[in-house]
Amino acid sequence: MDYDFRSIEKKWQKRWAEDKTYKTVEDPSKPKFYVLDMFPYPSGAGLHVGHPLGYIASDIYARYKRLKGFNVLHPMGYDAFGLPAEQYAIQTGQHPEKTTTDNVARYRSQLDRIGFSFDWDRSFRTCDPDYYKWTQWAFIRMFKSWYDPEMDKARPINELIAKFESTGYDDITPEAWKKASAKKKSDILMRYRIAYQGETSVNWCEGLGTVLANDEVKDGLSVRGGFPVEQKKMTQWQLRVSAYAGRLLDSLETLDWSDSLKEMQRNWIGRSEGTEMVFDTVCGDIHKPITIFTTRADTVFGVTFMVLAPESELVDELTTPEQKEAVAAYIKEVKKKTERERIAETKTVTGVFSGSYGINPLTGEKVPIWISEYVLAGYGTGAIMAVPAHDSRDYAFAKKFGLPIIPLIEGADVSEQSFDAKEGVMINSGFLNGMNVKEAIEAAKDYVEAHGLGRRKTNYRLRDAIFSRQRYWGEPFPIYYKDGIATPMPDEDLPLLLPEIESYKSKNGEPPLARAKDWTYGGHPLETSTMPGFAGSSAYYLRYMDPHNDKALVSAEADKYWRNVDLYVGGTEHATGHLIYSRFWNKFLYDLGYVCEDEPFRKLVNQGMIQGRSNFVYRVVGTNKFVSLGLKDQYETTEIHVDINIVHNDKLDLEAFKAWRPEYNDAEFILENGEYICGWAVEKMSKSMYNVVNPDDICDSYGADTLRLYEMFLGPVEQSKPWDTKGIDGVNRFLRKFWRLFYDRDNFLVTDKPATPAELKALHKLIGKEQEDIESFSYNTTISAFMIAVNELSDLKCNSREVLEPLVVLLCPFAPHIAEELWERLGHTTSVTVAAFPEYKAELTVENNVTYPVSFNGKTRFMVDMPKSASPAEVEAQVRAMEQTAKWVGEQNIVKVIVVPGRIVNIVVK
RNA sequence: GCCCGGAUGGCGGAAUUGGUAGACGCGCUGGACUCAAAAUCCAGUGUCCCUUAAAGACGUGCGGGUUCGAUUCCCGCUCUGGGCACCA
């Protein structure tokens, strides 16, 4: 009886769906384990073979944990709001809802074929009103909260209002608060709310007709669509993510994430410890103190000028009448540039003198104040002290405009370039002279604080997230404007449904919702922008815990049971977007007591990308002749991508090639050894390179179990690697061999006779290895171990149930269909899912203090640490003892005895 | 420019973290079964020297070092993948 994967896989996928085998319910008697994949955005192209990589890895882990006795939550859904569906709608007029539904159906059918153990009853799409109700709900909570720096957490805004009324807070006195109009009060509160509306410099993308968050922009272009992005001042909804910068950074330490990903987040958050210092300034006769931020307070004796950002509010106040014209011209010039041009021209130094001067608080010296785009308005105070000798940007500026350069470090040569390193001994620096740089920084900070010239300050690079998009396909804001005051809708009226509209295009910067009919609440106009893509994905993991609850995002009971995600699998591309926003969102809900864990994702594994492996043919220029790879250097050729489906093991199927396209009908070939060998390259998997591999095709010709096994066998999960169908026969062969342990041509072979020691040893080696490797995500080596075990057992002609039954359980996480089928044929009526992972018994301790470790290269090594003081005779005795032991265990072939006098003894046996 | 990773046969990748480098798979070569093919099975497969074998020498990007012993640890390079990039 042959291994008929087609009928087996169909049968079990149907049964799992009907029986709801993977439906999960809270069960306090079992420990929980939450395994989550980053849910997909259902695009029109469907899944290629790279997409399921992470899902397979997490599914293996989920199934393994179930066998280990955990109650596993393993859900899947769709991140369905967002730009691509809407862009498609603009082009075709088709409603994004329709495209999304179609794409989701396609994804679902593709996913179902791979045999995942998802609990589909918990599935949802972020564009479902039942779900986005809770996105809106969370937004209102953020609107109604402020960040209390004393308690270092978010608190209800009413507590802040109470402070204003009683004692006052910041610069608001109780009297001022009481006198303020409703509008004025609203404006004041906006300065504190976690979700607030404020004017800020934003990434405006004309091509998409919307603003974008920092992580949605790369190299001055939009990540989606690649349109140019410019800086524009606009009033937008924002989330006060920056308030959480310190906590987001600090609690990274507690997470089991890869170092590289943590590092990326650290860079993105960008903590920098420095000093805020006040400089008095003179503009004509007017004195105005301004504050700057520096991490190099030690260099204050080398300040030779100051610089303001062009967007800084101080520019107007500090420009003298004589310079007004020049400054205005410069600012106009700067504003004209797009973000991309600004990045491209970073090497070009530009600037203009403001006409006023700053006064160095330590030396009393007068230095000119310049305006330049190399200083950013959004970071620090938008004003700096410039120390050209020790900062390369200041140096370039000073050189260009002929400003003085004073070296402050002994031996530093600043004739050609600045000396930026934080090392050396201070000179020309008053009381800091003679100290090394690190001491000097601290001493300068102390001095500044002691003399009331400023204070220590930690700055972060992380900006508040811009939360509104002038687009249609997103969550509407549950906000209406009553007399111009932003007011949240009451919770009981949520969700605020996305209205139907005629055309999805935004016109003259006016969002599509502005054209929706009756877009009002209680007669007041509703907000017309929608929320960005990351809104829906920020708390979806919480919703899976309790997806049908219409009273809360997640009930306290469900939250308390599932707590947070134990294992999260997804790509690195979300390092500075989703993974920051989710952590922020979770911390916010945690502050207000809605969830019991401070961090959403305890362990994170980043799966690598699967690249395509493209094939090429070489056309001789000016002919319809194609030359094989090995001979192509003898001709002048052009390289042409060829469909990988008509190439097998880099050998071109000539007839298929002729039939591929009309222009190749009469193609001629120059062969080597009678074959046409194609060239190849690793590239992104894409239609245009004819290298896309569809998982459906693999399932058709090899089966889902082979696909699962093969994707894992390709290499470590975290690593990016090209898809190469060549090796797939190997794992398919393995499954057929596995099957043949149970069946020969006609008979079921399994008997109840007890296993031999050799058979047991083969099994237990595998158990030990699998246990160890799955925990560390080394699935490729587990599969190797499987192949070894199956080869051994097949050589031993093992047919003992005592061995074969646990073997099926061990295979189940990797190849669930075949495991389930064999499990049933072994006479079980329940799913293999509820079986127990076999207990590992291979570790034996034998006499003479020699341990017997099971090792893997077909070799076993006995090892004993000998004390340094051991005499040659003692070493000799130990060697004897170990040889004895080796024989006792039943190993005959001693390959080598390694004796290092006084240290270690090894006996290697085959 | 700054910050993380990598580099091992023809290929994908192992190596119990300092102890026979190249597990496992692919590919390739030869053989068995077969009228034949597929499938399956067996043997071989790092390089060099050699008719073959034994035996040897050389081998984990390059150059040094520590060690009885280094793919693994340290120092200095080269190449490569990724992230950040006027953040004061």
Side-chain angles (χ1 to χ4, degrees), chain A residues 2 218-219 258-268 270-272 274-275 292-296 299 306-307 309 342-343 345-349 372-376 378-387 390-394 396-397 420 459-463 572-573 575-576 606 608-609 613 649-650 680 709-710 713-716 718-731 733-734 736-737 740 768-769 772 778 780-789 791 794-795 853-861 863 895-896 898-906 908-910:
Chain A
D2 282 341
K218 223 185 144 158
D219 300 329
S258 73
D259 289 337
S260 67
L261 202 104
K262 285 190 192 179
E263 195 58 28
M264 267 188 239
Q265 290 215 337
R266 273 187 212 112
N267 289 341
W268 190 259
R271 188 206 293 263
S272 123
T275 315
I292 57 95
F293 176 75
T294 179
T295 53
R296 293 293 300 274
T299 61
M306 296 177 72
V307 188
R342 249 175 110 155
I343 290 168
E345 290 168 15
T346 47
K347 297 265 148 36
T348 335
V349 180
S372 172
E373 58 180 330
Y374 87 86
V375 174
L376 306 175
Y379 183 77
T381 60
I384 62 156
M385 65 179 208
V387 185
H390 302 290
D391 182 286
S392 51
R393 295 152 304 181
D394 297 345
F397 196 84
D420 292 14
N459 263 340
Y460 296 94
R461 218 143 100 187
L462 185 71
R463 309 290 163 78
T572 10
E573 66 271 21
T576 53
N606 291 118
M609 290 221 293
R613 188 178 187 279
N649 290 344
D650 290 340
W680 61 274
L709 231 30
Y710 186 55
F713 188 63
L714 228 37
E718 295 93 334
Q719 197 173 305
S720 287
K721 56 235 156 186
W723 176 267
D724 186 353
T725 313
K726 261 196 227 160
I728 200 163
D729 290 309
V731 289
R733 206 166 286 155
F734 157 73
R736 293 203 304 261
K737 200 161 183 177
R740 282 202 305 277
K769 185 71 176 166
E772 199 177 288
S778 307
N780 52 336
T781 55
T782 319
I783 296 169
S784 292
F786 246 112
M787 290 172 170
I788 294 168
N791 279 338
S794 147
D795 287 348
V854 176
S855 72
F856 254 81
N857 328 345
K859 303 152 196 164
T860 306
R861 180 177 298 124
M863 204 185 295
V895 175
K896 202 173 189 177
I898 306 168
V899 181
V900 179
R903 296 291 286 280
I904 290 168
V905 185
N906 278 345
V908 182
V909 295
K910 199 153 208 150

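Residue numbers start from 1 in every chain, and the chains themselves are labelled A, B, ... in the order their sequence lines are given, proteins ahead of strands. Quick note: numbers below take in every heavy atom, side chains included, and nothing from hydrogens, waters or symmetry partners. From a predicted model like this one, the values you see are computed outputs, not experimental measurements.
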Quick check for you: among B/G25, B/A23, B/A14, whose closest atom lies nearest to any side-chain atom of A/I788?
B/A23
Hunt down the Watson-Crick or G-U wobble partner of B/G5, both distances under 3.5 Å, from any strand shown, or write none.
B/U80
Could you state the CG-P distance from A/L714 to B/G25, rounded to the nearest angstrom?
16 Å
Tightest non-hydrogen contact, residues A/R296 and A/D420, listed as NH1-O, 3.5 Å
As a test of reading the structure: which of B/C86, B/A85, B/G12 is closest to the side chain of A/R461, going by heavy atoms?
B/A85
Nearest to the side chain of A/R740 - B/G83, B/C42, B/U40?
B/U40
Give the ring-plane orientation class for A/Y374 versus A/F397, where under 30° counts as parallel, over 60° as perpendicular and anything between as tilted.
tilted
Please classify the nucleic acid contact of A/Q719 as base, sugar-phosphate, or nothing, using heavy-atom distances under 4.0 Å.
sugar-phosphate
As a test of reading the structure: which of B/C84, B/G83, B/U40 is closest to the side chain of A/M264, going by heavy atoms?
B/G83
A/I384 and side-chain contact (heavy atoms from CB on, under 4.5 Å): which partner among A/D394, A/L376, A/T294?
A/D394
Given the 90°-from-0 boundary between syn and anti, B/U40 should be labelled anti
With both distances under 3.5 angstrom, what nucleotide forms a Watson-Crick or G-U wobble pair with B/G30?
B/C42
What is the distance, rounded to the nearest whole Å, between atom CZ of A/R266 and atom C1' of B/C84?
14 Å
Please report, rounded to the nearest Å, how far the P atom of B/G25 is from the NZ atom of A/K721.
19 Å
Nearest-neighbour nucleotide for the A/K737 side chain, B/A88, B/C41, B/G13 considered
B/C41
Quick check for you: among B/G25, B/C26, B/C4, whose closest atom lies nearest to any side-chain atom of A/F713?
B/G25
Across the strands shown, which category fits A/R463 at heavy-atom distances under 4.0 angstrom: base, sugar-phosphate, nothing?
base
Looking at every strand, decide which applies to A/P722 at a 4.0 Å heavy-atom threshold: base, sugar-phosphate, or nothing.
nothing
Of the nucleotides B/G25, B/C86, B/A88, which has the atom closest to the A/N791 side chain?
B/G25
